[in-house]
Asks: 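The structure is given below, and queries will be raised subsequently.
Lettering follows sequence order; numbering is per chain, from 1. FYI, side chains are in, hydrogens and waters are out, and symmetry mates aren't considered; it's all heavy atoms of this structure.
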Amino acid sequence: MQEELFIYNTLSRSKEKFTPIHKGMVGLYVCGPTVYSDVHLGNCRTFISFDLIYRYLLHLGFKVRYVRNITDAGHLEGDRDEGDDKFAKKAKLEQLEPMEIVQKYTVGFHDVMREFNALPPSIEPTATGHICEQIEMIKSIIEKGYAYEINGTVYFDVEKYNKEFPYGQLTNRKLEELLEGTRELSGQDEKRGRLDFALWIKAKPETLMKWLSPWGWGFPGWHIECSAMSSKYLGDTFDIHGGGMDLQATHHTNEIAQSQACNHKAPVNYWMHTNMLTVNGVRMSKSAGNGFLPGELFTGSHPLLEKGYQPMAVRFFMMQTHYRSTLDFSNEALQASEKGYARLMNSIKTLENLKTSSSSTSNIKELQKKCYEAMNDDFNAPILVANLFEGARIINSVNDGKETISADDLGLLKKLMHGFIFDVLGLKDENSLASNDKVLEGVMDIILDLRKEAKAKKDFAMSDKLRDELAKNRIMIKDTKEGVNWSIEQ
RNA sequence: GGUCCUGUGGCCGAGCGGUUAGGCUGAGCUCUGCAAAAGCUCCUACAGCGGUUCAAAUCCGCUCGGGACCUCCA
């Protein structure tokens with residue numbers, strides 16, 4: 001089943017056949033969160049998208065080294081290349097040590113990722129843990145002539161770099177165009193070129209997070225962190241680098257420049273960018289104030305939310321849109337996903353008790369092929385989901401006796417449904433918790449037995465009362481040919 | 001202002017030159033004591049105007065809407 005995998009590469013703006021540098025292995029780097037505040041749902045979408053990609057690569061049998069960093073230093077508020085970073089600012093606000101801020105939001109981030117059933121990366125390096133590597137890299141860039149120091153701050157010389165390498169390749173832009181769009185250097189600016197960005201920033205007396213470097217006390221620029229950490233764990237050139245689309249123009253463009261200047265080779269073969277989550281057509285972001293936190297989403301405690309939504313329903317909602325498309329959030333869409341997800345999960349339960357026949361009326365192999373084709377075409381999860389619903393239809397039809405399935409095909413169908421739904425899409429059945437509760441099961445057996453007796457005596461008032469009262473307690477009863485099923489509605 | 005993306009049925013969302021996307025909603029039918037669940041059927045759309053082509057939602061041009069990036073953001 002090792003069909004060819006195609007990945008949309010931002011560098012070429014087209015889908016390319018994926019060929020890893022080392023056969024059977026993939027080096028994957030994704031820009032992680034800056035942990036100075038809670039992650040909102042928009043942030044989560046990127047990490048969930050890459051979780052899908054990571055899971056599918058694993059599913060195909062690749063040995064994947066997935067590196068996702070934690071930015072815990074050096075990320076400045078603006079482009080001033082001066083002042084405190086986000087952590088110090090927040091620390092002052094909350095009257096905490098910067099590293100308390102980092103710890104608090106890192107833990108929060110991990111909690112959220114666990115709720116969304118995202119696999120942890122193989123390595124999760126922190127920027128503060130790799131200051132030496134960053135300093136070494138900056139030294140190397142200076143030695144090669146692409147950076148200069150002024151007053152304890154080191155800048156990357158974009159114009160010099162651009163003479164030898166293309167600077168704006170990721171966004172398909174020329175330096176001259178970029179310069180036009182940039183504002184004039186203000187009087188206090190010490191850097192030479194308008195596009196030059198800081199690799200190392202001199203600490204002010206009040207700066208809280210600072211390290212000693214060859215250029216004095218200071219802290220690293222944001223872009224150098226990812227370059228240093230990715231090359232440390234994945235090599236000077238690795239397979240896939242991902243992140244949100246908002247990082248493409250600046251952060252990733254600068255990463256390429258730094259690595260290229262340092263090693264004289266392209267750092268990444270495939271650049272992947274995930275699209276944004278929008279609310280009412282506008283991008284969800286901290287500054288726009290339209291972001292809500294995963295916690296608020298789960299409980300429904302936000303003015304934009306009509307109710308709370310289970311993490312898996314939200315994850316499924318995201319899986320129904322391609323990672324390169326914007327995803328617009330709405331209660332209506334989320335509720336639609338919630339129902340579709342429940343239907344898919346019910347079919348999985350039904351799958352366990354399916355009766356086999358000597359032959360099959362549906363082509364399961366063909367269905368399997370379609371699932372792989374969808375995912376091999378740049379991780380097209382929406383099409384995969386459509387095919388899985390076809391699988392659900394087959395399951396229900398067989399269960400109804402309207403279709404048949406052979407033992408071999410049933411095995412294949414189980415493998416397919418479980419593999420794609422749980423391993424690849426990373427979903428899990430949240431409602432099955434109750435079925436493990438032996439006490440509840442015993443009580444339910446008694447109630448259902450009473451109802452059965454009432455029905456036998458045609459005491460429908462009683463049987464309906466039992467059903468309605470249980471429903472009030474979120475326990476739903478379904479009468480089927482084989483007997484009575486019950487489940488807890490969320 | 002510059003760079004780029006985008007406009008699909010009641011809603012969400014795939015497709016991107018010829019073939020059913022899929023989910024949700026709504027209607028009908030089957031099953032059923034009644035429901036629910038499930039299955040089947042129906043509601044067949046591609047912003048507008050031109051052009052290319054045997055053939056366009058899909059390619060090209062224009063017009064009108066949305067949005068992103070160019071300044072921190074996944």
Asks: Applying a 4.0 Å non-hydrogen cut-off, can you work out what A:H251 is touching in the nucleic acid: base, sugar-phosphate, or nothing?
Replies: nothing

Asks: Heavy atoms from C-beta onward define the side chain here; which of B:A14, B:A74, B:A21 lies closest to that of A:L247?
Replies: B:A74

Asks: Around atom CE of A:M444, are there more than 12 heavy atoms from other residues, nucleotides or ligands closer than 6.0 Å?
Replies: yes

Asks: Determine the Euclidean distance between corresponding P atoms of B:U41 and B:C24; express it in Å to zero decimal places.
Replies: 15 Å

Asks: Can you check whether A:Y233 and A:Y66 have ring centres sitting under 6.0 Å from each other?
Replies: no

Asks: With nearest nucleotides of RNA chain B determined for A:L41 and A:L327 from heavy-atom distances, which residue corresponds to the more 5′ nucleotide?
Replies: A:L327

Asks: Sticking with atom C1', work out how far B:G23 lies from B:U58, rounded to a whole angstrom.
Replies: 23 Å

Asks: Partner of B:U3 by Watson-Crick or G-U wobble geometry, both contacts under 3.5 Å, or none?
Replies: B:A68

Asks: Once you round it to whole Å, what is the distance between P of B:A38 and CG of A:N353?
Replies: 16 Å

Asks: Which whole-number value in Å describes the distance from A:W486 CH2 to B:A35 P?
Replies: 25 Å

Asks: Whole-Å distance between B:U6 P and A:N275 CG?
Replies: 10 Å

Asks: Taking the six-membered ring for Trp, is the centroid-to-centroid distance between A:F47 and A:Y54 below 6.0 Å?
Replies: no

Asks: Would you mind reading off the distance between A:K349 atom NZ and B:A38 atom C1', rounded to a whole angstrom?
Replies: 14 Å

Asks: I'd like the P distance from B:C34 over to B:A57, given in whole Å.
Replies: 47 Å

Asks: B:C70, B:C24, B:A14: which one has an atom nearest the side-chain heavy atoms of A:T321?
Replies: B:A14

Asks: Scan A:M245 against the nucleic acid and name what it touches under 4.0 Å (heavy atoms): base, sugar-phosphate only, or nothing.
Replies: nothing

Asks: Over all strands shown, is A:G168 touching base, sugar-phosphate only, or nothing at heavy-atom distances under 4.0 angstrom?
Replies: nothing

Asks: Please determine, for B:C16, whether a Watson-Crick or G-U wobble partner exists with both distances under 3.5 Å, and give it or none.
Replies: none

Asks: Using a cut-off of strictly less than 4.0 Å, decide whether A:R393 has a side-chain nitrogen or oxygen near OP1 or OP2 of B:A38.
Replies: no

Asks: Quick one: A:Q320 CD to B:A14 P, roughly how many Å, whole number?
Replies: 10 Å

Asks: B:C42 and B:U25: how far apart are their C1' atoms, nearest whole angstrom?
Replies: 14 Å

Asks: Which part of the nucleic acid does A:S285 contact within heavy-atom distance under 4.0 Å: base, sugar-phosphate only, or nothing?
Replies: base

Asks: Among the candidates B:G13, B:A74, B:A14, find the nucleotide nearest to the side-chain atoms of A:N43.
Replies: B:A74

Asks: Is the terminal nitrogen or CZ of A:R324 (NZ for Lys, CZ for Arg) located under 6.0 angstrom from the six-membered ring centre of A:Y8 and within 45° of that ring's axis?
Replies: yes

Asks: Write down the distance separating the P atoms in B:G65 and B:G48, rounded off to the nearest Å.
Replies: 15 Å

Asks: Give the rounded distance in Å between these two atoms: CZ of A:F329 and C1' of B:A74.
Replies: 17 Å

Asks: Consider the side chain of A:T250, meaning its heavy atoms from C-beta on, and name the nucleotide among B:A38, B:C72, B:C11 that approaches it most closely.
Replies: B:C72

Asks: Grab the CG-C1' distance between A:N331 and B:C24 for me, whole Å please.
Replies: 14 Å

Asks: Using the C1' atom on both, measure B:C29 against B:C43 and round to a whole Å.
Replies: 16 Å

Asks: Side chain of A:R13, heavy atoms from C-beta onward: which of B:C4, B:U25, B:G22 has the nearest atom to it?
Replies: B:C4

Asks: Answer yes or no: side-chain N or O of A:D464 and base N or O of B:G33 forming a donor-acceptor pair under 3.5 Å.
Replies: yes

Asks: Quick one: label A:A333 by what it contacts on the DNA or RNA (base, sugar-phosphate, nothing), any heavy atom closer than 4.0 Å.
Replies: sugar-phosphate

Asks: How do A:T326 and A:F460 order along RNA chain B: which one's closest nucleotide is nearer the 5' end?
Replies: A:T326

Asks: Taking the six-membered ring for Trp, is the centroid-to-centroid distance between A:H273 and A:H252 below 6.0 Å?
Replies: yes

Asks: With rounding to the closest Å, how many angstrom separate the P atoms on B:C4 and B:G9?
Replies: 28 Å

Asks: For B:G33, take OP1 and OP2 only and decide whether either is under 4.0 Å from a side-chain N or O of A:K455.
Replies: no

Asks: Any strand counts, and the cut-off is 3.5 Å on both contacts for Watson-Crick or G-U wobble. Which nucleotide pairs with B:A47?
Replies: B:U63

Asks: If I compare all heavy atoms of A:I224 with all of A:L199, which pair ends up nearest, and what's the gap?
Replies: CG2-O, 3.7 Å

Asks: Does the separation of the ring centres of A:Y105 and A:Y36 fall below 6.0 angstrom?
Replies: no

Asks: Among B:G39, B:G15, B:C24, which nucleotide has an atom closest to any side-chain atom of A:N380?
Replies: B:G15

Asks: Just wondering, do A:N380 and A:L384 contact through their side chains at under 4.5 Å, heavy atoms?
Replies: no

Asks: Sort out the partner of B:A55 for me: Watson-Crick or G-U wobble, both distances under 3.5 Å, none otherwise.
Replies: none

Asks: Categorize A:G42 for me: base, sugar-phosphate, or nothing, with a 4.0 angstrom heavy-atom threshold over every strand shown.
Replies: base

Asks: Looking only at side-chain atoms of A:T46, point me to the closest of B:A74, B:G23, B:G39.
Replies: B:A74

Asks: Using only modelled atom types and a 3.5 angstrom limit, is any donor from either the side chain of A:R467 or the base of B:A35 paired with an acceptor on the other?
Replies: yes

Asks: Give one of base, sugar-phosphate or nothing for A:L277, where a contact means two heavy atoms less than 4.0 Å apart.
Replies: base

Asks: Which value, in whole Å, describes the distance between the P atoms of nucleotides B:G22 and B:G61?
Replies: 32 Å

Asks: Check every atom of B:C70, B:A21, B:C24 against the side chain of A:R343 and return the nucleotide holding the closest atom.
Replies: B:C24

Asks: Would you mind telling me which of B:A14, B:C70, B:G13 lies closest to the side-chain atoms of A:S325?
Replies: B:A14

Asks: Quickly work out the A:F50 CZ to B:A74 P distance and round it to whole Å.
Replies: 13 Å

Asks: B:G23 base stacked by A:F389? Criteria: ring centres under 5.5 Å, plane angle under 30°.
Replies: no

Asks: Salt bridge or not between A:D468 and A:K472? Use side-chain N to carboxylate O under 4.0 Å.
Replies: no

Asks: Counting heavy atoms from C-beta on, name the nucleotide in B:A74, B:G23, B:A37 closest to the side chain of A:K478.
Replies: B:A37

Asks: Going by purine N1 to pyrimidine N3 plus the second Watson-Crick contact, or the G-U wobble pair, all under 3.5 Å, which nucleotide sits opposite B:A38?
Replies: B:U30

